[in-house]
Amino acid sequence: MFDYIINPKVESYIKNLSVEEDPLIKEMEEYARKNDFPIIGREGGRVLHLIAKIKNPELIVEVGSGFGYSAYWFLKALKKGKVVLTDYQEKNIKLARQFLDKGGFRDRAEFRVGDGIKIGKEYKNIDILFLDLEKARYLEAIKELENNLSDDGIVIADNVLFQGKVIFEPENRKSKILREFNSYMFEKFFSVILPVRDGILIACKKS
Ligand SMILES: C[S@@+](CC[C@H](N)C(=O)[O-])C[C@H]1O[C@@H](n2cnc3c(N)ncnc32)[C@H](O)[C@@H]1O
């Protein structure tokens, strides 16, 4: 039975270094914990934040925003520009609005209820496309939205190692879908996978 990607001691060492002072981050993590809501987590959030800092994007589109935790990490890094949040569930988007209002980002975020793939198609020149939707639709999402990326746009996708099942349970239905997605991303884009938590893929267009 395989239940971790990184040796837990290594993961715990890194986690302990990631001390967080922001009370809103802690409040959102507490909400996720109490409600068993899957979020990218602190180490993943720090990856999003760092990429946004380096990239200085005008437009970030999230497909699968939940209650706004990942968006908050992005927003905290932005000097300009906005984040478009999408989620199927109105309840999640409502909560995201409350959290991001509290964080002072009312004017920097757009809140959309519905299918993030369809909504994403309304936006051109996406600088960062963040995929965190149902695994079965990852490949569809990138195929539908890749032409909406800016020339030097970046794709970030969470959960691409699916708790290691992608490697250790390759016949699992979701593993197969993710393997197909990962292969596509490495063929079509210049990609890396960070074995952070559930696996985070980061990609740009091939030059
Ligand atoms: C893993 S959670 C998102 C967590 C969030 N990105 C974070 O790290 O804080 C996935 C969310 O995506 C939403 N979702 C799944 N498929 C979607 C789609 N096609 N369009 C919009 N939202 C979707 C679900 O309702 C769920 O709230």
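In each ligand, atom 1 is the first atom listed, and ligand 1 is the first ligand listed. These figures come from a predicted structure and were not determined experimentally. One-based numbering along the sequence shown.
The nearest protein atom to atom 14 (N) of ligand 1, hydrogens excluded, is given as Y88 CD1, 4.0 Å; this is a heavy-atom distance. Shortest contact from atom 15 (C) of ligand 1 to any protein heavy atom: E134 N, 3.7 Å. For atom 12 (O) of ligand 1, the closest non-hydrogen atom on the protein side is G64 CA, 3.3 Å. Protein heavy atom nearest atom 19 (N) of ligand 1, with residue, atom name and distance: D115 OD1, 3.0 Å. Protein heavy atom in closest approach to atom 7 (C) of ligand 1: S70 OG, 3.3 Å.
Near I40, meaning under 4.0 Å from one of its heavy atoms, ligand 1 places the atoms 7 (C), 8 (O). Taking a cut-off of under 4.0 Å to the non-hydrogen atoms of G66, the atoms of ligand 1 that pass are 3 (C), 27 (O). Ligand 1 places these atoms under 4.0 Å from at least one heavy atom of R137: 19 (N). Listed by number with element, the atoms of ligand 1 under 4.0 Å from a non-hydrogen atom of G114 are 20 (N), 21 (C).
Counting all heavy atoms, side chain and backbone alike, S70 lies closest to E62 at OG-OE2, 2.8 Å. The shortest heavy-atom contact between S150 and K205 is O-NZ, 3.4 Å.
With respect to the salt-bridge test (charged N to carboxylate O, under 4.0 angstrom), the residues R33 and E30 qualify. Between E20 and K26, none of the side-chain N atoms (NZ, or NE/NH1/NH2) sits under 4.0 Å from a carboxylate O, so this pair counts as no salt bridge.
Distance CG/L78 to CG/D127: 10.0 Å, rounded to 0.5 Å.
Of the candidates G120, G41, A32, P38, it is P38 that places a heavy atom closest to atom 1 (C) of ligand 1.
Residue contacts with ligand 1: Y72 is excluded, as none of its non-hydrogen atoms falls under 4.0 Å. D87 counts as a contact of ligand 1, since one of its heavy atoms falls under 4.0 Å from the ligand. Under a 4.0 Å heavy-atom criterion, F130 is in contact with ligand 1. The closest approach between any non-hydrogen atom of G45 and ligand 1 is not below 4.0 Å.
Note: no N/O pair closer than 3.5 Å links V63 and ligand 1 by distance alone. Taking any N or O of G116, backbone or side chain, at least one lies under 3.5 Å from an N or O belonging to ligand 1.
A perpendicular orientation is assigned to the rings of W73 and Y69, their planes being inclined by more than 60° (bins at 30° and 60°).
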Which atom pairs, donor and acceptor, lie under 3.5 Å between side-chain atoms of residues 88-98 and protein residues at least two apart or in another chain?
| from | atom 1 | to | atom 2 | distance (Å) |
| --- | --- | --- | --- | --- |
| Y88 | OH | R137 | NH1 | 2.7 |
| N92 | ND2 | D87 | OD1 | 3.2 |

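The main-chain N or O of S18 is found under 3.5 Å from a side-chain atom of R42 such that the two form a donor-acceptor pair. A donor-acceptor contact shorter than 3.5 Å links the side chain of N182 to the backbone of V160. Side-chain N or O atoms of S183 include one that pairs as donor or acceptor with a backbone N or O of R179 at under 3.5 Å.
The hydrophobic cluster containing I177, built from Ile/Leu/Val/Met/Phe/Trp/Tyr side-chain heavy atoms closer than 4.5 Å, comprises no other residue.
With a 4.0 Å cut-off on non-hydrogen atoms, F67 does not touch ligand 1 at all. At a heavy-atom cutoff of 4.0 Å, ligand 1 is contacted by both the backbone and the side chain of D132. Within the 4.0 Å heavy-atom criterion, the part of S65 lying near ligand 1 is the backbone and not the side chain.
In this structure, F67 has its ring center under 6.0 Å from that of Y31.
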